Amino acid sequence: MKLASWNVNSLNVRLPQVLDWLEQAQPDVVGLQETKLPDERFPRDALREAGYESLCSGQKTYNGVAVLARQPLSAPVTDIPGLDDPQRRVLATTIGDLRFVNLYVPNGQAVGSDKYAYKLDWLARLRDWLAAEQARHPRLVVVGDFNVAPEDRDVHDPEAWREQVLCSTPEREALQALMALGLTDSFRRFPQDEAVFSWWDYRMNNFKRNRGLRIDLILTSPTVTGALTASYVDRGPRAWERPSDHAPVVAELADA
DNA sequence: ATGGTCGGTAGCCGA
């Protein structure tokens with residue numbers, strides 16, 4: 001079983017690339033972020049023709065998440081309980097025996113800003129909810145654009161990024177608090193090259209120079225971690241014409 | 001060279 005996460009930075013613009021990538025990579029489940037589409041404009045039919053059922057939680061202009069799967073998707077949840085937030089950043093659903101949680105974590109803009117405070121609060125509330133999700137659903141997978149680079153080795157220039165947003169100690173500690181629930185960064189379960197990233201700013205030829213961060217993650221609960229057979233970043237689509245600024249990330253599971 | 005690009009929108013805001 002092949003799981004993936006991809007921040008597409010507008011599904012309206014990126015739908016042809018998503019369809020190409022689905023055809024090429026043949027994932028079973030995909031979490032999309034930054035769809036930037038209200039649900040009535042979600043391209044459900046085109047995705048169904050490609051073999052995928054979908055759930056979406058979108059809004060105009062900003063944010064928006066969706067999950068695509070070859071199997072039926074049930075029991076959707078679109079909000080962190082108790083967090084009254086109009087921003088569409090969460091979509092959890094059950095697919096087979098997996099509970100799949102797709103996230104677009106707030107960016108945080110700059111350390112010390114109001115958006116940064118919102119990000120840290122959001123992550124703290126996420127932790128409490130994921131603890132409950134894990135108790136209900138032992139086979140839990142949490143994917144998405146976390147907008148946090150877990151460690152310095154996930155950053156092209158750690159000194160330049162020291163205590164900057166996406167890399168600051170409070171953000172990393174908030175991510176660690178999620179992982180302390182028993183969630184594993186699937187990418188680090190396997191030998192990897194150095195300087196593997198999942199996001200490269202559009203500016204300054206950052207992709208060509210591989211000046212990126214690894215902020216798109218697939219976290220797995222212990223029973224799922226035990227079934228992992230691979231986890232990697234597919235840089236291919238980032239090199240396509242008119243790309244998203246993020247590449248898809250993938251985790252593969254042995255069949256049960 | 002201290003910025004440089006996108007996407008959505010119709011101003012700039014957000015990333």
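Note on naming: letters A, B, ... go to the chains in the order of the sequence lines (proteins, then strands), and numbering restarts at 1 for each one. Values below: all heavy atoms of this structure, side chains included; hydrogens, waters and symmetry mates excluded. Source: prediction; values computed, not measured.
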Option among I218(A), L253(A), T184(A), L3(A) that satisfies the side chain to side chain contact (heavy atoms under 4.5 Å, CB included) test with L228(A):
L253(A)
Do Y118(A) and Y104(A) sit in one hydrophobic cluster, given that two such residues count as connected whenever their side-chain heavy atoms are within less than 4.5 Å of each other, even indirectly?
no
If you assign each of N12(A) and K115(A) to its closest nucleotide in DNA chain B, which residue comes earlier from the 5' end?
N12(A)
Which whole-number value in Å describes the distance from E171(A) CD to dA15(B) C1'?
14 Å
So if I take every side-chain heavy atom of N9(A) and compare against dG7(B), dT9(B), dG14(B), which nucleotide ends up nearest?
dG7(B)
Does R242(A) make a side-chain N or O approach to OP1 or OP2 of dG7(B) shorter than 4.0 Å?
yes
Would you mind reading off the distance between N63(A) atom CG and dC13(B) atom P, rounded to a whole angstrom?
17 Å
List the steps, then state whether side chain to side chain contact (heavy atoms under 4.5 Å, CB included) holds for F197(A) with N206(A).
CA-CA 11 Å; F197(A) 309 122; N206(A) 272 348; over 6 Å; no
Pairwise P distance for dG3(B) and dG7(B), with rounding to whole Å
24 Å
Between dC13(B) and dG4(B), how far apart are the P atoms? Round to whole Å, please.
15 Å
Quickly work out the L11(A) CG to dG7(B) P distance and round it to whole Å.
13 Å
Given the rule in the ring-ring contact (aromatic ring centres under 6.0 Å, His included) test, do W6(A) and W21(A) qualify, once you have shown the distances and angles that lead to the verdict?
CA-CA 11 Å; W6(A) 193 6; W21(A) 189 74; 5.7 Å; yes
Of P243(A) and N147(A), the one whose nearest nucleotide on DNA chain B sits closer to the 5' end is P243(A)
Just how far, in rounded Å, is P of dC13(B) from CD of Q109(A)?
10 Å
Compare all side-chain heavy atoms of D79(A) with those of S57(A) and state whether any distance is below 4.5 angstrom.
no
Measure CG/L32(A) against P/dG7(B) and give the value in whole Å, please.
16 Å
Atom NE2 of H246(A) to atom C1' of dG14(B): distance rounded to whole Å?
12 Å
So does L166(A) get a backbone contact from the side chain of E171(A), meaning a donor-acceptor N/O pair under 3.5 Å?
yes
From OH of Y62(A) over to P of dA10(B), roughly how many Å is that when rounded to an integer?
10 Å
For DNA chain B, which residues in residues 197-216 of chain A have a heavy atom at a distance below 4.0 Å?
Y202(A), R203(A), M204(A)
Rounded to whole Å, CG of D245(A) lies from P of dG14(B) at a distance of 17 Å
Is it the case that atom CG in D157(A) sees more than 12 heavy atoms from other parts of the structure closer than 6.0 Å?
yes
Between dT9(B) and dA15(B) - P atom distance, rounded Å
15 Å
Separation of the P atoms in dG8(B) and dT2(B), to the nearest angstrom:
30 Å
